[in-house]
Every structure is written in C-alpha cells, then in structure tokens.
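See below for the structure under consideration.
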Amino acid sequence: MTPVAVMVGANRVVPAAGIIHPLGNTDLSPEDERALRRRIVERALAALRTEVAGPTVFGGDDPGQRQPSGT
C-alpha cells in the first residue's frame, strides 16, 4: 500500500505490518506484537514531528528514518 499512498500524494507514509492487521501480527507472541505496535506508533509520531516538502516514506529499523520518494 505504500506505493499507492505515495502515488496519491500522501505527505507522510508510515508502512505498517500489513493490510489485514496494520498495527499487529497474529503470528507473533503478545509481547512481540506489542513491541511491533510500539515501533509503528513511534515511527508515526516521528513522521508527524518532521517537516516534509512532499511525499515521504518513513520506514526502516529506525523509527526516525525517512526516505524521500522519487515522485
């Protein structure tokens, strides 16, 4: 869904776990799923605090990492 978000011009895109369970993964233990949720929310908060000039994908292992899109 990340390419679609960039294509329609979303300024801040935070990739999540998946379409069906965007803030979770039922294959993980409850503790690991909670850690995954926390990382996604922290990444989203970092995205909101960051000035952007156009579509920007916030991803990777570091919640503050961002990658300007090629559009």
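Here the structure is a predicted model, which means the values were calculated and not measured.
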Show which side-chain atoms of residues 14-27 pair as donor or acceptor with protein atoms under 3.5 Å away, not counting sequence neighbours.
unit_1	atom_1	unit_2	atom_2	d
Asn25	OD1	Asp27	N	2.9

> Looking only at heavy atoms, which two atoms of Phe58 and Arg12 are closest? And how far apart?
Replying inline: CE1-CG, 3.9 Å
> Taking only residues two or more places apart in sequence, or in another chain, which ones meet Arg38 in a side-chain hydrogen bond (donor to acceptor under 3.5 Å, both in side chains)?
Replying inline: Glu42
>> Checking Ala10 now: which residues fulfil side chain to side chain contact (heavy atoms under 4.5 Å, CB included) with it, not counting sequence neighbours?
In response: Ala5, Val13
>> Distance check, rounded to the nearest 0.5 Å: Thr50 atom OG1 versus Leu45 atom CG?
In response: 10.5 Å
